[in-house]
Structure formats: structure tokens, C-alpha cells
Undergrad: 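One structure coming up, written as C-alpha cells, with questions to follow.
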Amino acid sequence: MKKSQRFKRTIKLKKAFSANDEEHEDENASTTSTSTSRSKKPIIVRPKVKPNPQPLLPALESSIDMEKAVILSPDFFQIEALDLATRLLGKLLRRDDVVLRITEVEAYRPNDTACHGRFGITERTAPIFGPGGHAYVYLCYGLHTMLNVVADKEGTGAAVLIRACAPVMGLETIQQRRGQNTNKPVLLAGPGKVGQALGISTEWSNHPLYTPGGLEILDGPEPEKILVGPRVGIEYASPEHVSALWRFAIADSPWISAPKSTLRPA
DNA sequence: GAAAAGATTAAA
DNA sequence: TTAATCTTTTCC
């Protein structure tokens with residue numbers, strides 16, 4: 001690694017730990033982005049989509065009373081990742097007028113050969129080792145922004161990937177950001193789709209989810225039954241971690257990503 | 001310094 | 001089934 005790169009890396013690490021809300025105010029803009037620490041950012045042109053007038057399905061998500069939804073405290077997140085994963089099911093993700101109900105998650109844990117924290121603290125993974133309740137956002141395949149919720153105490157290195165959601169509010173905005181004029185599960189069933197629907201980039205990594213404004217997690221209706229299964233797309237991990245049943249979803253929800261066949265009642 | 005692969009998605 | 005697209009990590 002060159003000296004200049006090392007310097008840049010140090011600066012970014014400091015930034016990653018600074019939990020600063022002011023870094024990403026302008027990200028709703030659909031044209032260009034500011035050139036901060038990242039050298040070049042793509043120009044994102046979102047296709048214009050006519051809003052779909054049909055009501056949200058199923059009925060549960062459209063009956064959630066947002067007036068009563070309260071933001072969750074840091075304590076909620078500072079528990080073991082498997083516990084946090086199941087407890088996040090049914091909770092609400094909000095960014096401005098868009099509200100999503102979390103329907104599917106995966107836990108990534110310390111000493112887990114599938115966890116991004118397995119190589120220790122790096123520029124990208126620093127938020128995972130911070131206190132629970134912050135976001136960890138990373139770019140997958142150079143295209144998709146994946147949202148995780150950091151779990152447990154500072155220094156642990158665990159997180160929960162949000163794999164799918166159901167729309168609660170802001171369907172029009174969601175459809176515009178996704179470029180899909182639909183209210184079917186294809187709209188939000190998949191981790192990259194959730195990130196796109198929320199309009200977040202890696203700049204949001206380390207954003208606190210327990211403070212008002214920006215991106216928040218609110219209390220929501222608890223699921224009655226849940227499904228469990230092995231995690232998706234981690235073939236590179238050790239066999240015990242590939243087979244570990246650390247994927248969870250709300251039973252009976254249509255808002256679940258592929259593959260569904262590996263999920264079983266808990 | 002180069003190369004490979006990735007917690008994916010949408011279109012062919 | 002495959003291309004898109006770029007950061008991180010590993011290998012020589």
C-alpha cells in the first residue's frame with residue numbers, strides 16, 4: 001500500500017467512527033452527488049414511473065398507525081446478533097416519507113466466516129465493530145447498497161442484514177427509486193432492493209438508527225410466526241456457517257426474497 | 001501491482 | 001444464463 005493511500009485510509013477510518021449526520025443530506029438528489037472523500041460517483045438517472053394507485057398488500061402493512069410508532073433506543077440494538085435479528089422482524093425503517101416494515105433478515109456474528117468483520121477492522125467494516133444501533137452499508141458487486149444493522153456492544157463485530165421489507169408508506173417514492181411501477185414483492189424482496197428503495201449509499205454507513213432524522217428504526221407490530229433457514233450467497237464460508245440457520249423471515253408474508261424453499265417454521 | 005471474487009439484480 | 005460494475009483482499 002502506498003503512503004498516500006494509507007493516509008487516505010486513516011482519514012476515512014476517523015470519519016467512519018464519527019457518527020455524523022451532516023454528511024449525507026443531499027442524497028435524495030437524483031442527479032449528481034457531491035465529491036467528498038470518494039473520487040467519482042456515478043450519475044444516477046432514475047426512470048420516471050407513474051404511481052400505482054392500487055392499495056398496499058397485504059392489509060397489515062397498510063393498517064400500521066405511524067402516529068404511534070416510536071423510535072427504538074440504543075439498548076434495543078446492543079444484544080447478541082441472533083436475538084437482534086429476530087427482534088428486528090416487524091420493525092419499521094423510515095427515511096423521510098418512506099416507511100418499510102422489515103420482513104426478512106440475516107445475522108452475521110463474531111468468528112463467523114461469512115461475516116464481513118472476519119478480517120478485522122478495515123475502512124469498510126469499521127462500523128460493524130462500533131456500538132449496536134448504527135447502520136453498516138456496503139456496496140455489493142459494485143452495484144447494490146446493502147443495509148445492515150450493527151448489533152451488540154462496541155468491539156463485538158456483529159450485524160444484521162436487512163434482506164427484505166414490505167412497503168408501509170411512500171409507495172410512490174419507493175417505485176420511483178426502484179424504477180418499477182408495482183406493489184408486488186419484486187419491489188422490495190432482496191437486500192439490494194431495500195437499499196435502493198431507501199435511497200442510501202455507502203455514505204450512510206455508521207449512521208445511528210436511534211436518533212430522529214435521516215434513517216431511523218421504529219417499533220412495529222411483532223410477527224406471529226417466523227421462518228428460519230440458512231443464509232443466502234455465502235458459499236465461501238466454512239460448512240458449519242453455510243448451514244447455520246441464521247436467516248429469519250416473517251411467516252405468511254409475501255415480502256420474502258429468493259430462495260424461499262430453504263425456509264422452515266421456527 | 002495485478003487479479004479474483006463478492007451477504008445481487010434485471011434482462012435475455 | 002449472463003452482464004453490469006467496483007471495492008476489498010489476496011497473491012506473486
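Note on naming: letters A, B, ... go to the chains in the order of the sequence lines (proteins, then strands), and numbering restarts at 1 for each one. These numbers come from the heavy atoms of this one structure, side chains and all, not from hydrogens, waters or symmetry mates.
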Undergrad: Mind calculating the distance between NZ (A:Lys193) and P (B:dA11) to the nearest angstrom?
TA: 10 Å
Undergrad: What is the distance, rounded to the nearest whole Å, between atom CG of A:Leu187 and atom C1' of B:dT8?
TA: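 Taking atom C1' of B:dT8 as the reference, CG of A:Leu187 is at 16 Å.
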Undergrad: So, are A:Glu106 and A:Arg231 salt-bridged, with charged N and O less than 4.0 Å apart?
TA: no
Undergrad: Does the ring of A:Phe248 carry A:Arg87 above it, NZ/CZ under 6.0 angstrom from centre and within 45° of its axis?
TA: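 The answer is no; the distance or angle limit is not met.
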Undergrad: Strictly by modelled atom types, are A:Ser205 and A:Thr202 linked by a side-chain donor-acceptor pair under 3.5 Å?
TA: no
Undergrad: Can we say A:Lys91 and A:Asp219 salt-bridge, meaning some charged N sits less than 4.0 Å from an Asp/Glu carboxylate O?
TA: yes
Undergrad: Between the main-chain N or O of A:Ala249 and the side-chain N or O of A:Arg163, is there a donor-acceptor pair closer than 3.5 Å?
TA: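 Looks like no, no N/O pair under 3.5 Å.
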Undergrad: Should A:Arg178 be listed as having a side-chain N or O under 4.0 Å from OP1 or OP2 of B:dT9?
TA: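 A:Arg178 to B:dT9 OP1/OP2: no side-chain N or O under 4.0 Å.
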Undergrad: Cation-pi between A:Arg109 and A:Trp246: NZ/CZ under 6.0 Å from ring centre and within 45° of the ring axis?
TA: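 Cation-pi check for A:Arg109 and A:Trp246: passes.
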Undergrad: What nucleotide among B:dT8, B:dA10, C:dT7 has an atom nearest to a side-chain atom of A:Leu139?
TA: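 Ranking B:dT8, B:dA10, C:dT7 by closest atom to the A:Leu139 side chain puts C:dT7 first.
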Undergrad: Name the nucleic acid region contacted by A:Ile234, choosing base, sugar-phosphate or nothing; use a 4.0 angstrom heavy-atom cut-off, strictly under.
TA: sugar-phosphate
Undergrad: Hydrophobic cluster mates of A:Leu263, side-chain heavy atoms under 4.5 angstrom, ILVMFWY only, any path?
TA: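 Members alongside A:Leu263: A:Leu227, A:Ile256.
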Undergrad: Rounded to the nearest angstrom, tell me the gap between atom OH in A:Tyr141 and atom C1' in B:dA10.
TA: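 Result: 14 Å.
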Undergrad: Taking atom C1' of C:dT8 as reference, at what distance in whole Å does atom OH of A:Tyr138 sit?
TA: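 So the two atoms are 12 Å apart, to the nearest Å.
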Undergrad: Starting from Watson-Crick (N1-N3 plus N6-O4 or O6-N4) and G-U wobble pairs under 3.5 Å, report the runs of at least three that DNA chain C belongs to.
TA: B:1-6 with C:6-11, B:8-11 with C:1-4
Undergrad: Rounded to whole Å, please give me the gap between CE in A:Met146 and C1' in C:dC6.
TA: 14 Å
Undergrad: I'd like a table of atom pairs between the protein and nucleotides 9-12 of chain C - only N or O on both sides, under 3.5 Å - with the distance next to each one.
TA:
none

Undergrad: Taking atom C1' of B:dG6 as reference, at what distance in whole Å does atom CG of A:Leu143 sit?
TA: 11 Å
Undergrad: Atom NE2 of A:His144 to atom P of C:dT8: distance rounded to whole Å?
TA: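 In whole Å, C:dT8 P and A:His144 NE2 are 17 Å from each other.
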Undergrad: In sequence, state the C-alpha distance, the side-chain angles, and the governing distance for A:Glu104 and A:Ser257, and then conclude on side-chain hydrogen bond (donor to acceptor under 3.5 Å, both in side chains).
TA: CA-CA 8 Å; A:Glu104 182 190 339; A:Ser257 72; 2.9 Å; yes
Undergrad: Rounded to the nearest angstrom, tell me the gap between atom CD in A:Gln196 and atom P in C:dT5.
TA: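 Going from CD in A:Gln196 over to P in C:dT5 covers 14 Å.
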Undergrad: For a quick check under 3.5 Å, do A:Gln196 and A:Arg177 share a side-chain donor-acceptor pair by atom type?
TA: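 Absent: no donor and acceptor within the cut-off.
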